[in-house]
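Following: one structure in structure tokens, then a few remarks.
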Amino acid sequence: MPLTAVVLAAGLGTRMRSPLAKVLHPLLGRPMVGWIVQALQDLGADVIVVVHHHEEAVREALAPWGVRFARQESPRGTGDAVGSAVSLLPASGPVIVTAGDTPLLTAVSIRRLVDAHRGSCTVAAFKAPDPTGYGRMVPGVGIVEDAACTPDQRRIQSVNSGLYLFDAAYLRAELPGLRPHAPKDELWLTDLVGPTSQVLAEFSPDEFLGVNDKAQLAEARAILRRRVNRAWAAAGVDFAELDGISVDATVILHPGASLASGVIVTGRSSVHGDVGPHCVLHDTVIHPGARVNAGSVCDGAEVHAGAVVGPLARLRPGADIRAGAHVGNFCEVKNTILHEGAKANHLTYLGDADIGAGANIGAGTITCNYDGVRKHRTTIGAGAFIGSNTALVAPITVGDGAIVGAGSTLTQDVPADAIAVERAPAKLTLASADRLRSVYRRRSGK
Ligand code: UD1
Ligand code: CA
């Protein structure tokens with residue numbers, strides 16, 4: 001039977017103390033409400049999201065999920081919120097209702113509710129160690145809101161989770177009859193849960209962690225991180241630990257990949273190789289057999305089999321490190337291909353460049369790619385040797401197999417197999433250093 005779901009996300013969320021809509025706060029690269037929408041879509045549900053505050057931002061953030069929206073004109077409680085979606089519901093059939101700020105709810109738990117549903121209404125309940133604030137499940141009555149509880153009812157620990165399954169026809173028939181509650185004149189969805197409604201108990205309280213402030217956001221993030229990591233580990237990815245590694249929901253990992261402690265992987269990254277401690281990867285592809293060593297930061301880069309990057313390297317967009325190439329410590333690479341086996345092992349900036357196969361880039365080499373107005377390209381041929389501390393003023397080409405002497409500042413092309421040295425001869429005054437030191441000492445009075 002086709003499933004419909006209504007996600008209530010019209011609330012303001014003032015306790016987040018943030019200009020961002022509460023339900024849009026990011027959790028592992030996905031807006032909070034995206035997690036519940038994804039879980040519902042995993043079950044095949046047609047999802048309707050009820051919006052009001054930050055409506056435009058919520059619509060935009062959920063565009064990738066292709067949900068439908070219902071606008072709650074002036075939010076007047078959970079009954080009013082579902083009422084605003086009623087015209088989008090089918091004539092009959094199961095309708096899941098849930099809140100947009102419980103991102104830990106899983107498809108497995110929602111499926112349990114769907115499978116158990118009988119009659120017009122089923123509610124998911126759990127046992128809260130501290131039930132304050134929740135509606136209580138009162139046998140023979142239904143749900144009694146915290147504010148309306150008698151002292152005896154207040155002690156009941158079985159509470160309303162806010163996840164329900166209604167029959168659409170029942171909602172259509174009963175929602176118009178809801179009566180407002182003082183003092184805010186709210187319409188409560190919980191009034192549709194009566195003595196004959198089915199209560200499905202013993203859901204896990206963890207899944208209903210409501211995110212209302214930044215502390216709960218951090219808590220939810222920690223739980224999701226562990227859940228995501230555990231699933232990848234079960235699929236054959238080697239995790240040094242499950243807590244201190246963060247992998248966004250947008251990332252793809254491959255069996256055989258390994259991630260050390262402190263690694264953060266975000267965006268459209270795909271990792272199949274080894275990533276050392278405290279690396280940050282965004283929109284980056286690490287092929288099988290590639291290694292990124294400790295403390296490296298990669299954004300928009302690709303590292304091929306047998307290549308080694310870092311420790312402490314920085315790859316920026318367009319860095320393409322081909323098979324067997326090396327990029328060592330304190331090297332920055334942007335919009336540059338290092339072809340097979342090329343090496344830049346220390347202290348180098350390579351920007352807008354093409355480094356030929358097997359070329360060796362000495363420590364301190366800089367491609368001077370920017371003249372203050374435009375960027376220019378540097379091309380270095382296969383097997384070329386660039387001596388330490390060379391400045392290559394682009395546009396410039398160094399031919400295959402050429403040698404550039406250390407300390408050169410080059411502004412013209414070097415042909416293949418040529419030797420280029422740009423270096424003023426040293427001035428030597430023999431046996432004079434000690435005399436010079438005495439002069440300095442006298443001047444400083446020592
Ligand atoms: C609600 C339930 C309570 C349950 C608890 C579980 C009611 C009357 N009470 O209480 O029994 O134990 O959830 O967390 O339903 N929303 C709208 N439009 C509105 C009002 C709310 O979209 O006009 C959304 C909120 O953004 C939120 C959700 O509905 O995502 C729940 O609303 P909230 O005001 O937090 O209800 P509770 O008081 O927590
Ligand atoms: Ca709430």
Side-chain angles (χ1 to χ4, degrees), residues 5-16 21-25 31-37 40 47-55 57-58 69-86 96-105 109 121 123-138 141-149 153-154 156-164 166 171 174-175 178-194 197 199 201 203-213 216-217 220:
V6 178
V7 177
L8 309 185
L12 186 53
T14 37
R15 278 178 288 166
M16 297 300 275
K22 169 162 107 169
V23 293
L24 296 189
H25 280 73
M32 192 197 300
V33 64
W35 286 90
I36 185 76
V37 167
L40 291 162
V47 179
I48 299 163
V49 179
V50 178
V51 289
H52 176 81
H53 291 288
H54 303 283
E55 180 183 355
V58 176
F69 293 94
R71 184 182 155 78
Q72 196 181 5
E73 288 306 331
S74 50
R76 277 218 302 148
T78 48
D80 180 57
V82 176
S84 70
V86 109
I96 300 164
V97 176
T98 185
D101 62 354
T102 51
L104 302 181
L105 187 53
S109 291
C121 167
V123 191
F126 64 89
K127 203 173 155 214
D130 175 11
T132 314
Y134 290 105
R136 310 297 202 283
M137 306 309 304
V138 181
V141 178
I143 298 173
V144 180
E145 286 304 301
D146 191 57
C149 279
Q153 291 171 337
R154 191 150 286 143
I156 296 174
Q157 284 187 310
S158 175
V159 300
N160 169 24
S161 69
L163 169 68
Y164 318 79
F166 293 99
L171 286 177
E174 298 298 323
L175 280 169
L178 286 180
R179 292 286 161 260
H181 289 268
K184 292 196 258 172
D185 274 350
E186 286 184 334
L187 304 178
W188 293 352
L189 183 63
T190 46
D191 286 349
L192 296 191
V193 180
S197 299
V199 178
F203 277 81
S204 157
D206 296 350
E207 291 202 21
F208 292 100
L209 172 73
V211 175
N212 299 298
D213 58 28
Q216 289 169 328
L217 183 71

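Each ligand, and each atom within it, is numbered from 1 in the order the structure gives. Side chains are part of it too, since the values below use all heavy atoms of this structure and drop only hydrogens, waters and symmetry mates.
Considering A99, A81, G77 only, the shortest heavy-atom separation from atom 28 (C) of ligand 1 involves A99. Between V50, L8, L187, L189, it is L8 that holds the heavy atom closest to atom 24 (C) of ligand 1.
For the pair K22 (side chain) and V211 (backbone), a donor-acceptor distance under 3.5 Å is present. Not one N or O on the side chain of R15 forms a donor-acceptor pair closer than 3.5 Å with the backbone of D213. At distances below 3.5 Å, at least one donor-acceptor pair connects side-chain atoms of S161 with backbone N or O atoms of A124. At least one donor-acceptor pair under 3.5 Å links the side chain of Q157 to the backbone N or O of P129.
Contacts between R76 and ligand 1, counted as non-hydrogen atom pairs separated by less than 4.0 Å, involve the backbone only. If you look at K22 next to ligand 1, there are no close heavy atoms at all, none under 4.0 Å.
Residue-to-ligand polar distances place G11 within reach of ligand 1: an N/O pair is separated by less than 3.5 Å. Below 3.5 Å of separation, one finds no N or O of Y134 facing any N or O of ligand 1. The distance criterion of under 3.5 Å between nitrogen or oxygen atoms is met by E145 with respect to ligand 1.
Using a 4.0 angstrom heavy-atom cutoff, T190 counts as in contact with ligand 1. The closest approach between any non-hydrogen atom of G210 and ligand 1 is not below 4.0 Å.
Close approach to A9 involves these atoms of ligand 1, each under 4.0 Å from a residue heavy atom: 22 (O). Shown in contact with Q72 at under 4.0 Å from a heavy atom are these atoms of ligand 1, numbered in order with element: 17 (C), 18 (N), 19 (C), 22 (O), 23 (O). Residue contact check: S161 has heavy atoms under 4.0 Å from atoms 6 (C) of ligand 1. Every atom of ligand 1 is numbered from 1 in the order shown, and the set under 4.0 Å from a heavy atom of G135 is 3 (C), 4 (C), 11 (O), 12 (O). Residue P75 has at least one heavy-atom neighbour below 4.0 Å for each of these atoms of ligand 1: 23 (O).
For R71, the salt bridge (Lys or Arg N to Asp or Glu O under 4.0 Å) partners at least two apart in sequence or on another chain are E55, E73.
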Residues W188, I143; criterion side chain to side chain contact (heavy atoms under 4.5 Å, CB included); working and verdict: CA-CA 10 Å; W188 293 352; I143 298 173; over 6 Å; no
Stepwise side chain to side chain contact (heavy atoms under 4.5 Å, CB included) check, D101 with Q216: CA-CA 10 Å; D101 62 354; Q216 289 169 328; over 6 Å; no
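With a 4.5 Å cut-off on side-chain heavy atoms, T78 and T190 do not count as touching.
Between F126 and F208, the ring planes are parallel. Angles under 30° get that label, and only those over 60° would be called perpendicular.
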